[in-house]
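First comes the structure, then the notes that go with it.
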Amino acid sequence: MKAGTVLESTALLNGDFFEGATLVIVEYNENGAMGFVINKLFPRKLNELAEFSQTVPFDLYDGGPVDREHLYFLHTRPDLIEGGKRVFQRMYLGGDFKSVVECLDMDVIEDSEIRLFIGYCGWDAGELEAEIAEGSWRVLPKNSF
């Protein structure tokens with residue numbers, strides 16, 4: 001497995017956070033894996049969070065059950081957002097969030113070029129592989145995200 005792998009939950013995960021989830025892995029190494037659920041909208045928009053009340057309404061995604069106190073983001077615009085880490089293909093994780101807000105407010109970044117997440121998904125070494133082996137996740141074809 002590697003960063004950029006897309007997984008889809010199976011019926012084994014029905015009834016928990018991951019029911020119906022599609023997620024993308026953004027980091028995979030000997031310590032484990034990190035990813036984001038990419039198909040579940042969070043029930044509030046960015047401007048509905050107190051610290052961003054002056055910004056434009058922008059969709060947030062429910063990225064995962066871990067560290068739900070922070071925003072994370074994936075983007076394809078390192079020319080506009082400095083400091084991101086290239087995680088696969090043209091996709092970058094994080095960077096200067098002040099630039100993100102400015103780009104959103106000035107409408108210079110497209111919805112398809114950035115996705116904001118509340119929380120993330122994380123697995124210790126071997127955990128995700130075990131969940132795939134038991135049938136909880138199905139690995140989707142390349143370029144599914």
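Note that the structure is predicted; figures quoted are calculated from it, not measured.
- Note on ring orientation: taking the six-membered ring where Trp is involved, the planes of Tyr120 and Phe36 are perpendicular (angle over 60°, cut-offs 30° and 60°).
- The local environment of CZ in Arg90 is sparse, with at most 12 non-hydrogen atoms from other residues, nucleotides or ligands closer than 6.0 Å.
- A donor and an acceptor atom, one from each side chain of Ser112 and Glu110, are nowhere located under 3.5 Å apart.
- With a 6.0 Å radius and a threshold of 12 heavy atoms from other residues, nucleotides or ligands, Glu51 has its CD atom above the threshold.
- To the nearest 0.5 angstrom, Ile81 atom CD1 is 4.5 Å from His75 atom NE2.
- Under the side chain to side chain donor-acceptor pair (under 3.5 Å) criterion, the residue pairs touching residues 2-11 are Glu8-Arg138, with sequence neighbours excluded.
- For the atom pair CH2 (Trp123) and CD1 (Ile25), the distance works out to 4.5 Å, reported to the nearest 0.5 Å.
- In this structure, CG on Leu71 lies 9.0 Å from CZ on Phe42, to the nearest 0.5 angstrom.
- With contacts defined as side-chain heavy-atom distances shorter than 4.5 Å, the pair Leu74/Tyr92 does not qualify.
- Environment of CD in Glu82: sparse, with no more than 12 heavy atoms of neighbouring residues, nucleotides or ligands closer than 6.0 Å.
- In summary, Lys98 and Asp96 do not engage in a salt bridge, as defined by a charged side-chain N under 4.0 Å from a carboxylate O.
- To the nearest 0.5 Å, atoms CG (Leu128) and CG (Leu23) are separated by 7.5 Å.
- Between Phe58 and Phe73, a ring centre-to-centre spacing not shorter than 6.0 Å is recorded.
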